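Owing to the predicted nature of the structure, the values given are computational and were not obtained by experimental measurement. Worth knowing before you read on, the calculation uses all heavy atoms, side chains too, and leaves out hydrogens, waters and symmetry mates. The chains referred to below are lettered A, B, ... by the order of the sequence lines, with proteins before strands, and numbering in each begins at 1.
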2 protein chains.
Amino acid sequence: MGASKTESFSAEQNEMAILFKALSHPARIAIVDYLLKVDSCICGDIVNELPLAQPTISQHLKELKNANLIKGTIEGTSICYCINPDTVAKIENHFSMIRYKLKNKCC
Amino acid sequence: MGASKTESFSAEQNEMAILFKALSHPARIAIVDYLLKVDSCICGDIVNELPLAQPTISQHLKELKNANLIKGTIEGTSICYCINPDTVAKIENHFSMIRYKLKNKCC
DNA sequence: TTATTTTATCGTAATATTGCAATATAAAAA
DNA sequence: TTTTTATATTGCAATATTACGATAAAATAA
């Protein structure tokens, strides 16, 4: 064993888990933070911003892209990354739903 | 290597990563869903609700507890679990901040 | 007391993630 | 063309996660 029993859960549960997994590493949080900090989409200098080697950052960017959290557009020699607002909205909605359901609770 | 370079990132980045990691597995999403679905806190029957063995669920509950996403109170023979609204609010605030910062973007 | 019930822990196998050196790819610059 | 620059991929070692059988712990019930 060892693998997640993905097939035992609903499509939405798996989808949300994939989104949260993409955000479950401090380097990927830092990448999102950086994309938010700068005024526009960022072409190239993510590698200089984080204390990780270039292949490692490339891998983290790939995971964020696979989860649809960021979009990358080729811009000459470099790639221009920015956050996908639709995916952010999807996670926000999930928590709005949680907050709504929590209203009727005791605890 | 293989371990996360936790020390290279800010306390808040690590804290958020820990919260998202706790939610990065469909079984743990399903547990949260179930705690929200039922009207009150749940004593005992989580194991019957999910297609996983009891030790596995116990482990997932422990991770949700460690991340402060759920609270467990001993209630006779069983344990009464419910969601911690403070932690939910913390994640919500994180996304409110993201949405706010995204407003000034182009993309 | 001895069951029974409920949850936790231990041990371990299978699998996944993390990080990076080395290398590859692709486009622009010289 | 060759060189430079930016990003991606490969391969691998170190570590973490997932799942569960076996077992323990702790409280109630009989």
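Remark: the backbone N or O of B:Phe9 is paired with a side-chain donor or acceptor of B:Asn14 at under 3.5 angstrom. No donor-acceptor pair closer than 3.5 Å links the side chain of A:Asn68 to the backbone N or O of A:Asn84.
Under the 4.5 Å side-chain contact rule for hydrophobic residues, B:Leu102 and A:Tyr34 share a cluster. Cluster annotation: B:Ile18 is not connected to A:Ile91 through the hydrophobic network of ILVMFWY side chains, with a link wherever side-chain heavy atoms come within less than 4.5 Å. Linking ILVMFWY residues whenever their side-chain heavy atoms come closer than 4.5 Å, directly or via other members, places B:Val88 and B:Val32 in the same cluster.
Between the CD1 atom of A:Ile79 and the C1' atom of D:dT5 there is a distance of 13 Å, given to the nearest Å. Atoms CD1 (B:Ile46) and C1' (C:dA8) sit 14 Å apart, rounded to a whole Å. Rounded to a whole Å, the NE2 atom of A:His25 is 18 Å from the P atom of C:dA16. Counting to the nearest Å, the C1' atom of D:dT7 and the CG atom of A:Leu52 are 16 Å from each other. What separates OH of A:Tyr81 from C1' of D:dA6 is a distance of 10 Å, to the nearest Å. We find that CD1 of A:Ile57 is positioned 10 Å from P of D:dT7, with the value rounded to whole Å. Distance, B:Asp45 CG to C:dT5 P: 16 Å, rounded to whole Å. Between the CD atom of A:Glu7 and the C1' atom of C:dT15 there is a distance of 14 Å, given to the nearest Å.
Residues of residues 10-21 of chain A having a heavy atom closer than 4.0 Å to DNA chain C, listed by number: A:Lys21. For the segment residues 58-66 of chain B, the set of residues with a heavy atom within less than 4.0 Å of an atom of DNA chain C comprises B:Ser58, B:Lys62, B:Lys65, in numerical order.
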Can you give the donor-acceptor pairs under 3.5 Å from side chains of residues 53-64 of chain B to other protein atoms, not counting sequence neighbours?
| from | atom 1 | to | atom 2 | distance (Å) |
| --- | --- | --- | --- | --- |
| B:His60 | ND1 | B:Arg28 | NH1 | 2.9 |
| B:Glu63 | OE1 | B:Arg28 | NH1 | 3.1 |

Exercise. What string of B, S and - do you get for nucleotides 22-28 of chain C 5' to 3' if you count protein non-hydrogen atoms under 4.0 Å?
Worked result: B-----S
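At D:dC20, one or more side-chain N or O atoms of B:Thr56 fall inside 4.0 Å of OP1 or OP2 (strictly under the cut-off).
Scanning for ring pair (Phe, Tyr, Trp, His ring centres under 6.0 Å) contacts around A:Phe95 gives A:Phe20, with sequence neighbours left out.
The side chain of B:Arg28 lies closest to D:dT18 when the candidates are D:dT7, D:dG21, D:dT18.
Residue pairs meeting the salt bridge (Lys or Arg N to Asp or Glu O under 4.0 Å) criterion with at least one member in residues 5-27 of chain B, sequence neighbours excluded: B:Glu15-B:Lys90.
Between the CD atom in B:Gln13 and the CD1 atom in A:Ile31 there is a gap of 10.0 Å [rounded to 0.5 Å]. Note that OG of B:Ser24 and CG of A:Leu19 are 11.5 Å apart. Values are rounded to the nearest 0.5 Å. Rounding to the nearest 0.5 Å places NZ of A:Lys71 at 11.5 Å from SG of A:Cys80.
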